There are 2 protein chains.
Amino acid sequence: MGVTITENQPVERRKKIAKILEEKANGLCPVHDFLIHFANKWSMLVVLNLGYAGSPRFNELKSRVSGISQRMLTVTLRSLEEDGLVTRQLYPEIPPRVEYQLTPLGKSLLDVMMGLGEWAAKHEAEIAKARKKFRSRHAD
Amino acid sequence: MGVTITENQPVERRKKIAKILEEKANGLCPVHDFLIHFANKWSMLVVLNLGYAGSPRFNELKSRVSGISQRMLTVTLRSLEEDGLVTRQLYPEIPPRVEYQLTPLGKSLLDVMMGLGEWAAKHEAEIAKARKKFRSRHAD
DNA sequence: CGGGATCCTCATGGATACTG
DNA sequence: CAGTATCCATGAGGATCCCG
């Protein structure tokens, strides 16, 4: 099989994209379906922080994800748990202790999220510059 | 410099994540700032379709991104343009013709988006299974 | 053709109070 | 400690009409 890695070849790229955007039985492509559950303010940040912290407790995680409310952390964790990305381990002590952890599936997503995160960190300034320019051009 | 690539090393990974989550002057980490503008239903799908189609016209793109409304395509494209990810080329003909295209910055994001897209396509079934299981367990 | 301008709806998500 | 339950504000996003 052709293992020759030819990065940036338009043809190969188009094939890959086409596969990603292929509609499934539900009328959605995998990306769209994924985004419906994942395109929100917190999911990605929680995944990254879980990747960093290992098996944090609820409030540990809450203090790490700066700005998140108690409610939204709960909601986000439940959603991640539902998608099989996170496990919730309850230790029935008093006071109760709960630890969250990425599943193998969650860890595989973490790798992708890190790619996105590194992109964001790398191009942050460039984007900020573009925004400024755009606004000054449209500030008529 | 230590170029030894040691994938999956927790220590290196934690360092990377820490850098991604590092707060900037505005009190936000790069990812958070990025997500505020990009975590929505359409941006990623539009970027992927632009990567596929090359320099599509407005309605060409609209018919490719299944389900998107005229308004949301406009809004999304403006936002991407503002972030320096997309260029808008107007040909003052009658009727007017407008072509959209990824900038180099947009193309670099496309690569990352493809990584996410491939992840979504690969693990779609697994996620669906997890959801089913979760629901049957919580259907008391 | 490629939008802009409005109106409207509903889901996201923030604040607060309460609980096992 | 780790939530649940409510209430409420905001804005994302859909439908529709209009316009150069």
Side-chain angles (χ1 to χ4, degrees), chain A residues 27-28 32-47 49-50 53 55-83 86-101 134 137-140, chain B residues 27-28 32-47 49-50 53 55-83 86-101 134 138 140:
Chain A
L28 298 174
H32 199 163
D33 184 47
F34 174 75
L35 287 174
I36 287 175
H37 294 258
F38 207 80
N40 58 66
K41 268 173 79 173
W42 300 115
S43 292
M44 180 174 164
L45 287 170
V46 169
V47 167
N49 275 289
L50 278 169
S55 321
R57 300 174 61 167
F58 185 86
N59 279 328
E60 208 175 328
L61 196 53
K62 180 172 184 307
S63 66
R64 282 201 55 82
V65 184
S66 98
I68 197 169
S69 68
Q70 191 180 51
R71 184 182 121 82
M72 286 320 295
L73 181 54
T74 303
V75 170
T76 304
L77 283 169
R78 288 291 171 283
S79 164
L80 294 174
E81 202 191 341
E82 179 169 358
D83 288 355
V86 161
T87 55
R88 176 181 186 273
Q89 181 68 14
L90 164 68
Y91 300 90
E93 310 164 353
I94 296 187
R97 181 161 58 103
V98 180
E99 286 182 2
Y100 291 92
Q101 203 173 159
F134 184 91
R137 268 194 289 114
H138 291 70
D140 45 338
Chain B
L28 297 174
H32 199 164
D33 184 47
F34 175 76
L35 287 174
I36 287 175
H37 293 258
F38 206 81
N40 57 66
K41 269 172 77 174
W42 301 114
S43 292
M44 179 173 166
L45 287 171
V46 169
V47 168
N49 275 289
L50 278 169
S55 324
R57 301 176 61 168
F58 185 86
N59 280 328
E60 208 174 327
L61 197 52
K62 181 172 183 307
S63 67
R64 283 201 55 83
V65 183
S66 99
I68 198 169
S69 67
Q70 189 182 52
R71 183 181 123 83
M72 287 319 295
L73 181 55
T74 303
V75 170
T76 304
L77 284 169
R78 287 293 170 280
S79 165
L80 294 174
E81 202 191 340
E82 179 168 359
D83 289 355
V86 161
T87 56
R88 176 181 187 273
Q89 180 69 14
L90 164 68
Y91 299 89
E93 309 166 352
I94 296 187
R97 181 161 57 104
V98 179
E99 286 182 1
Y100 292 92
Q101 203 172 161
F134 183 92
H138 292 71
D140 43 331

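Values below: all heavy atoms of this structure, side chains included; hydrogens, waters and symmetry mates excluded. In this text the structure is predicted, and so the values were computed from the model without any measurement. Every chain is numbered from 1, with letters handed out A, B, ... down the list of sequences.
Atom CG of residue B/Leu61 and atom OH of residue B/Tyr100 lie 8.5 Å apart, to the nearest 0.5 angstrom. Once rounded to the nearest 0.5 Å, the distance linking CG of B/Leu80 with CG of B/Leu50 reads 7.5 Å. Rounding to the nearest 0.5 angstrom, the gap separating the CG atom in B/Leu77 from the OG atom in B/Ser43 is 9.0 Å. In this structure, CD1 on A/Ile36 lies 4.5 Å from NE2 on A/His32, to the nearest 0.5 angstrom. The distance from atom OG1 of B/Thr76 to atom CG of B/Asn40, rounded to the nearest 0.5 Å, is 5.5 Å. The NZ atom of A/Lys62 sits 13.0 Å away from the CG atom of A/Asn49 when rounded to the nearest 0.5 Å.
A nucleotide of DNA chain D counts as in contact with chain B when one of its atoms lies under 4.0 Å from a heavy atom; the first and last such, 5' to 3', are D/dG13 to D/dG20.
Between B/Arg88 and B/Arg78 the shortest side-chain heavy-atom distance falls below 4.5 Å. In this structure the side chain of A/Val46 never reaches within 4.5 angstrom of the side chain of A/Val86, judged on heavy atoms. Side-chain atoms of A/Phe134 and B/Asp83, non-hydrogen and from C-beta on, never get closer than 4.5 Å to each other.
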Let's go through A/Trp42 and B/Leu35 carefully: what are the C-alpha distance in whole Å and the side-chain angles of both, what is the deciding distance for side-chain contact (heavy atoms from CB on, under 4.5 Å) to 0.1 Å, and is it a yes or a no?
CA-CA 9 Å; A/Trp42 300 115; B/Leu35 287 174; over 6 Å; no

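For the pair A/Pro96 and A/Gly67, both in contact range of DNA chain C, the more 5′-proximal nearest nucleotide belongs to A/Gly67.
For the pair B/Arg88 and C/dG2, the criterion of a side-chain N or O lying under 4.0 Å from OP1 or OP2 is not met.
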Pairwise N/O distances under 3.5 Å, protein to nucleotides 6-13 of chain C:
unit_1, atom_1, unit_2, atom_2, d
C/dG13, OP1, A/Lys41, N, 3.1
C/dG13, N7, A/Arg71, NH2, 2.5

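Within the 4.0 angstrom heavy-atom criterion, no nucleotide atom of any strand lies near B/Tyr91.
By the 6.0 Å contact criterion, CG on B/Leu90 is enclosed, its count of non-hydrogen atoms from other residues, nucleotides or ligands being greater than 12.
Rounded to whole Å, the distance from CZ on B/Arg97 to C1' on C/dC1 is 11 Å. A/Gln70 places its CD atom 11 Å from the C1' atom of C/dA15, with the value rounded to the nearest Å. A straight line from CD1 of A/Ile94 to P of C/dT19 spans 18 Å, rounded to a whole angstrom.
Where the helix from C/dC1-D/dG20 to C/dG20-D/dC1 starts and where it ends, the local axes point in directions that differ by 50°; five pairs per end, rounded to 10°.
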